[in-house]
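None of the values given here were measured: they were computed from a predicted structure. In what follows, every heavy atom counts, from backbone to side chain, and hydrogens, waters and symmetry copies are set aside.
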Amino acid sequence: MHQAVPKTDAPVDVLDRFAGATPELARLRALRPELIELEQRAYEVLFPVRTGPGPATGSGPATGPGPATGPGPATGPGPATGPGPATGPGPATGLGLATGSGPATGLGPATGSGSATGSGSATGSGSATGSGPATSARTVPGTVTDTGVSVAERAAAALAVAVEHRRAPAVGHYRALLDTATGETATADRIIARAPLDGDTATAATAAKATAATTTATATGAATPGRIAAAVAHARLLTHTPARGGLDALRAAGFTDPQIVTVSQTVAFVNHQMQLAAGLALLATGDSGTGTDPGAPSTTVAGGPRYTTDVLTWRPAIRPLAPGELGEEHRAALAGKARVDTPYFRTLGHDLGILAVRTAIDLAAFTAEGGLPRAERELAATAVSLYNGCVYCASVHARLTARLHGDPAPVRRFLAYGSTAVLGRRWKLITRLATGLAPVPATAAEADVEALRELGLTELALVDLVHCAAFFGWANRLMLSLGSVEGEDQEHEGRQATE
């Protein structure tokens, strides 16, 4: 069972804003309150506020002349922009997670006496505020994701993803982060217009030349044009054609292995955010907000002989951590996983901060009690994996679907022949909605949701379906960008296959 997470006092978080921030949206999200907390935390870990040469802290745009202060991003159509990053005696206030020098443990917020307030001493249950850095005796594993990828590089990649998904509130939000991080607006303008960036390149060879002409990113998070261009190119590739994702351009631009993991996590997470926002908005209002034609045919997937329930081998494209390099923080970050020593998790272990929160979201989405039966959550994961072309993910989750359902035959038909072979109206509709959330932008329509409601799916079951489908917008992109499938007979990412 996943670990309970204390709530924050934030009235509106980034996902609320991206999905429309309606009362009905809030009601639906409140059916899975732990996921509200965890989704916001994942954002905070990947998009921290830098307040000086030390590690990044905070939850969103900085206070002061930059984006709006408060418990979340600015109200209105997007976060407020400003001439530069925050300055002052301490980190930006808001939903920042407590940090400190103690050992990392667990999946939740810092244990002990709570988040810091005032001058930095840990008191109360609220989020960190005051004039000094938040501290506590114990922290979330890797509270700050700080592998050396600058805020500008992350924000540029996130903005590129938001543009491709046509989600205006997210475009405004990530644009504000990028403008603040770079101190100029031209880079964001070019990303939004899909125009070439300074240092934009088509090949790894030209990327190397462009990068050689720039200054290496500094320890305080400065970004070079070549690195930003490579991060944006990777974001677009991984968003539209994840099965073709490669790492040569990132390497040529100077990204290290841990930094490549951070960039891929950032791109994959923001795709997940966009698909989750589309699905939740669809449930709340009947409109996903993507601008697609609601009368268009539903998205389908094709199966084929490469998809199988056999156990496959995933080979990392970068050096995973050696088993001996895994500390207690890594094991805590992977609590609930059947195997913590697989190459996949050892590869993700290069960025401990987001790995811990991602694990918690995975378990909360797939193992929470009630709502959509577990076999159908795994069916949704299988459908999205087929759409994205993730052979490895499809094999793992088709196998789990078959095991939990008790009959492998319909699952094998789905893998072999795709959407047209799904048996039973309930499974047809579940795979239709899940698959409709996978395209960029999402194509799922109100008719898909209404058909499931007429069939008897509860609001909680629909929320579960959206969360599980959107999670695989994240999981597939990590699998596909950081490694490849080779052969058979291997260990797998497996989640415990229990109800």
Given the rule in the side-chain hydrogen bond (donor to acceptor under 3.5 Å, both in side chains) test, do Asp351 and Thr262 qualify, once you have shown the distances and angles that lead to the verdict?
CA-CA 6 Å; Asp351 190 335; Thr262 297; 2.6 Å; yes

Can you tell me how far apart [atom1] ([X]) and [atom2] ([Y]) are? Round to the nearest 0.5 Å.
{"X": "Glu164", "Y": "Leu159", "atom1": "CD", "atom2": "CG", "result": "9.5 Å"}
{"X": "Leu283", "Y": "Arg29", "atom1": "CG", "atom2": "CZ", "result": "12.0 Å"}
{"X": "His165", "Y": "Ser288", "atom1": "NE2", "atom2": "OG", "result": "11.5 Å"}
{"X": "Leu238", "Y": "Leu480", "atom1": "CG", "atom2": "CG", "result": "7.5 Å"}
{"X": "His467", "Y": "Leu437", "atom1": "NE2", "atom2": "CG", "result": "11.5 Å"}
{"X": "Leu15", "Y": "Gln40", "atom1": "CG", "atom2": "CD", "result": "8.5 Å"}

Kindly state whether the ring of His173 and the ring of Phe47 have centres lying under 6.0 angstrom apart.
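Ring centroids of His173 and Phe47 are no less than 6.0 Å from each other.
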
Output field: ring centroids His397/Phe472 closer than 6.0 Å:
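Yes, the ring centres sit under 6.0 Å apart.
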
Heavy-atom side-chain proximity of [X] to [Y] below 4.5 angstrom:
{"X": "Phe414", "Y": "Leu379", "result": "yes"}
{"X": "Val466", "Y": "Leu28", "result": "no"}
{"X": "Arg194", "Y": "Arg236", "result": "yes"}
{"X": "Asp287", "Y": "Leu282", "result": "no"}
{"X": "Ile354", "Y": "Val261", "result": "no"}
{"X": "Val422", "Y": "Ile430", "result": "no"}
{"X": "Arg319", "Y": "His350", "result": "yes"}
{"X": "Leu415", "Y": "Thr308", "result": "no"}

Applying side chain to side chain donor-acceptor pair (under 3.5 Å) between Ser264 and each of Arg477, Gln259, His234, report the one that passes.
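Among Arg477, Gln259, His234, the one meeting side chain to side chain donor-acceptor pair (under 3.5 Å) with Ser264 is His234.
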
Between Thr435, Thr292, Thr431, Thr443, which is the residue that forms a side chain to side chain donor-acceptor pair (under 3.5 Å) with Thr299?
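Of Thr435, Thr292, Thr431, Thr443, side chain to side chain donor-acceptor pair (under 3.5 Å) with Thr299 is met by Thr443 alone.
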
Do side-chain atoms of [X] reach the backbone of [Y] as a donor and acceptor pair under 3.5 angstrom?
{"X": "Trp314", "Y": "Pro343", "result": "no"}
{"X": "Thr359", "Y": "Ala333", "result": "yes"}
{"X": "Asp448", "Y": "Ala445", "result": "yes"}
{"X": "Asp464", "Y": "Leu372", "result": "yes"}
{"X": "Glu24", "Y": "Ala284", "result": "no"}
{"X": "Arg377", "Y": "Ala365", "result": "yes"}
{"X": "Arg190", "Y": "Pro196", "result": "yes"}

Tyr344 and Leu478: CA distance, side-chain angles, deciding distance, side chain to side chain contact (heavy atoms under 4.5 Å, CB included) verdict:
CA-CA 9 Å; Tyr344 178 59; Leu478 289 179; 3.6 Å; yes

Look at Glu44 together with Arg41 and state whether they make a salt bridge at an N to O cut-off of under 4.0 Å.
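The answer is no: the pair does not qualify as a salt bridge.
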
Which heavy-atom pair separates [X] from [Y] by the least distance, and what is that distance?
{"X": "Ser298", "Y": "Arg432", "result": "OG-CD, 3.1 Å"}
{"X": "Pro48", "Y": "Arg154", "result": "CD-NH1, 4.0 Å"}
{"X": "Ser385", "Y": "Asn476", "result": "OG-ND2, 3.0 Å"}
{"X": "Gly473", "Y": "Gln275", "result": "CA-OE1, 3.3 Å"}
{"X": "Ala394", "Y": "Tyr307", "result": "CB-CD2, 3.9 Å"}
{"X": "Ala157", "Y": "Ala231", "result": "CB-O, 4.0 Å"}

Answer yes or no: are there more than 12 heavy-atom neighbours, outside Arg244 itself, under 6.0 Å from its atom CZ?
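No, the 6.0 Å shell around CZ holds no more than 12 heavy atoms from other groups.
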
Step by step, would you call His330 with Leu321 a side chain to side chain contact (heavy atoms under 4.5 Å, CB included)?
CA-CA 11 Å; His330 293 91; Leu321 297 177; 3.5 Å; yes

Would you say Trp474 and Gln265 are linked by a side-chain donor-acceptor pair, where the criterion is simply a distance under 3.5 Å?
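Yes, because at least one side-chain N or O of Gln265 sits under 3.5 Å from a partner of the opposite role on Trp474.
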
Looking only at the side chains, is there a donor atom on one of His272 and Glu39 sitting less than 3.5 Å from an acceptor on the other?
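Yes.
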
Between Phe18 and Tyr174, what is the ring plane arrangement, given parallel below 30°, perpendicular above 60°, and tilted in between?
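Tilted, since the angle between the ring planes falls between 30° and 60°.
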
Between Thr285 and Glu446, does the side chain to side chain contact (heavy atoms under 4.5 Å, CB included) criterion hold? Intermediate values first, please.
CA-CA 9 Å; Thr285 68; Glu446 184 177 19; over 6 Å; no

Could you go through the side chain to side chain contact (heavy atoms under 4.5 Å, CB included) check for Thr185 and Arg175 one step at a time?
CA-CA 9 Å; Thr185 61; Arg175 178 197 179 113; 3.4 Å; yes

